[in-house]
Amino acid sequence: MEKSSQQQEASYQIETTASSEQLAFRGKLQEAFVNSPLSVEDKLFNIGLYTRSSVLVKFLVMSEIYQRICPIPGCLIEFGTWWGQNLVLLENLRAIHEPFNKQRTIIGFDTFDGYTPLSDRDKESEVWSENSYSTGKDYVEYLRKLLESHEGCNVLGHVRGRHKLIDGDVSQTAPKYFKDHPETIVAFAYFDMALYQPTKAALEAVKPHLISGSVLLMDELTWDESPGEAIAFKEVFDRDEVTIEKCLLYPSKAIITIR
Ligand SMILES: C[S@@+](CC[C@H](N)C(=O)[O-])C[C@H]1O[C@@H](n2cnc3c(N)ncnc32)[C@H](O)[C@@H]1O
């Protein structure tokens, strides 16, 4: 099947630990998806047919974390959203776990232009190279509408547009956002940028807005390939300010709870 000009070919390497044999089976799943005998409507309704375990686990992890933060007031943030799947997931978990809570603003920060340059605290990698994971700036509007459509499908669907996408380098946008919104309380923040500088800037910006019980999810805290994330974390938080757990279902992620 031909790709429309709107669809992007990934010109960058996605982080993966899959073997070549596993990648070949992934290719078969892709073929099955593209050549599916299902109508678009049935395909979307039966999307689990094509959802592999390494993707499903992300949904399960988010669902577990959502249940932890349910009693904590405040917004939900992702630093490094890429296509925004987690933002959509958070909106839908909100609808499942607390359908009448319209106070849960969900905020996504990204350059939408991919990675910014590495610092001397980061390790050279094809995965985090400059502009990799770019969605293209036009995608911001597409994602905004997608989030609104999900809000519209959910309970209280007449209240839409509560979520925010903040476009630009987090090193500038995160300090500015919290300066402009000093009232913000953050229940949950997901850090998935891997690099030292944006992670440090985002951690520093968010810290004064966390409360006891707020949860941070660090995607690459123990990854050899991304030492910058752990260095930034250790520079911003003292050990006695937080508890740190390995994510049971996804061992490379760490769950931080504010004491
Ligand atoms: C690995 S992807 C995130 C994947 C996403 N969290 C998910 O689970 O689907 C990393 C994202 O961080 C973004 N990013 C990297 N450096 C950034 C910076 N300095 N400011 C804002 N976003 C940045 C990239 O554009 C990219 O979309």
Side-chain angles (χ1 to χ4, degrees), residues 8 10-18 51-52 54-66 76-93 106-140 142-143 146-147 150 163-178 188-206 215-221 223 225-229 231-232 247 249-250 252-255:
Q8 297 209 0
S11 58
Y12 47 86
Q13 192 181 319
I14 306 278
E15 63 183 290
T16 180
T17 49
T51 307
R52 54 180 202 265
S54 54
V55 174
L56 181 61
V57 71
K58 298 180 184 201
F59 292 19
L60 299 179
V61 167
M62 275 307 205
S63 178
E64 194 225 304
I65 288 181
Y66 203 101
L76 316 176
I77 301 184
E78 183 172 33
F79 292 104
T81 62
W82 194 27
W83 297 113
Q85 172 165 256
N86 290 323
L87 302 179
V88 168
L89 195 52
L90 287 170
E91 163 55 25
N92 287 328
L93 288 167
I106 297 169
I107 310 169
F109 287 82
D110 207 292
T111 61
F112 296 98
D113 221 1
Y115 275 92
T116 45
L118 274 65
S119 73
D120 58 5
R121 304 296 179 95
D122 301 305
K123 204 161 151 182
E124 284 296 333
S125 154
E126 280 179 41
V127 178
W128 334 120
S129 64
E130 204 173 337
N131 296 121
S132 73
Y133 283 82
S134 173
T135 59
K137 293 282 189 189
D138 290 349
Y139 187 71
V140 181
Y142 178 88
L143 180 56
L146 202 55
L147 280 163
H150 282 282
H163 307 322
K164 300 179 188 176
L165 298 175
I166 314 289
D167 173 6
D169 183 344
V170 144
S171 304
Q172 280 102 50
T173 56
K176 179 173 183 328
Y177 181 84
F178 289 102
F188 170 64
Y190 184 8
F191 292 81
D192 195 6
M193 299 176 294
L195 302 185
Y196 172 76
Q197 202 192 15
T199 305
K200 175 136 190 220
L203 283 166
E204 282 177 335
V206 100
V215 171
L216 311 180
L217 181 62
M218 306 297 300
D219 204 78
E220 286 103 3
L221 200 70
W223 269 57
E225 294 80 4
S226 56
E229 183 170 312
I231 296 171
C247 178
L249 286 177
Y250 207 129
S252 62
K253 297 184 199 288
I255 303 170

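Read the numbers this way: they start at 1 and go in the same order the structure lists the ligands and their atoms.
Of all the atoms in ligand 1, the ones that sit under 4.0 Å from a non-hydrogen atom of P198 are 18 (C), 19 (N). Atoms of ligand 1 found under 4.0 Å from any heavy atom of G168, numbered from 1 in the order shown, are 20 (N), 21 (C). Remark: ligand 1 atoms within the under-4.0 Å shell around heavy atoms of D169 are 18 (C), 19 (N), 20 (N).
Looking only at heavy atoms of the protein, atom 20 (N) of ligand 1 is closest to V170 N, 2.9 Å. Counting only heavy atoms of the protein, atom 9 (O) of ligand 1 lies nearest to W82 CE3, 3.6 Å. Looking only at protein heavy atoms, the nearest one to atom 8 (O) of ligand 1 is N86 ND2, 3.0 Å. Distance from atom 2 (S) of ligand 1 to its nearest protein heavy atom, with residue and atom name: Y133 CD2, 3.5 Å. Among protein heavy atoms, the minimum distance from atom 22 (N) of ligand 1 is reached at T111 N, 3.3 Å. Atom 15 (C) of ligand 1 has as its closest protein heavy atom Y115 CD2, 3.4 Å. Here the protein heavy atom with the shortest distance to atom 12 (O) of ligand 1 is G80 CA, 3.4 Å.
Residues forming a side-chain contact (heavy atoms from CB on, under 4.5 Å) with E204 (at least two apart in sequence, or on another chain): K200, V236.
Looking at heavy atoms from C-beta onward, F59 lies in side-chain contact with Q85 at the 4.5 angstrom threshold. Contact check for Y190 versus L90: no side-chain heavy atoms found under the 4.5 Å cut-off.
Checking only distances, D192 does come within under 3.5 Å of ligand 1, N or O to N or O. Every N/O-N/O distance between M193 and ligand 1 stays at or above 3.5 Å. Taking distance alone, with nitrogen or oxygen atoms compared against 3.5 Å, S171 stays at or beyond that limit from ligand 1. For ligand 1, the polar-atom distance check against D113 finds no nitrogen or oxygen pair separated by under 3.5 Å. For D110, a nitrogen or oxygen atom sits less than 3.5 Å from a nitrogen or oxygen atom of ligand 1, counting backbone and side chain alike.
The two residues K137 and T111 make their nearest non-hydrogen contact at NZ-O, 2.6 Å. Nearest approach of D192 to E220, heavy atoms of both residues: OD1-OE2, 3.1 Å.
A distance-only check finds a donor-acceptor pair linking the side chain of D122 to the backbone of Y196 [under 3.5 Å]. Looking at D110, its side chain does come within 3.5 Å of a backbone N or O of T81 through a donor-acceptor pair.
Ring planes of Y133 and W82: perpendicular class, angle over 60° (limits at 30 and 60°).
A distance of 9.0 Å separates NZ in K176 from CD1 in I166, rounded to the nearest 0.5 Å.
Contact annotation: for E78 versus ligand 1, heavy atoms closer than 4.0 Å belong to the side chain alone. Of the heavy atoms in T81, only backbone atoms (N, CA, C, O) come closer than 4.0 Å to ligand 1.
The closest approach between any non-hydrogen atom of S134 and ligand 1 is not below 4.0 Å.
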Check against side-chain contact (heavy atoms from CB on, under 4.5 Å), L93 and M62: CA-CA 8 Å; L93 288 167; M62 275 307 205; 3.8 Å; yes
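R52 and S54 share a donor-acceptor pair across their side chains, judged by distance under 3.5 Å alone.
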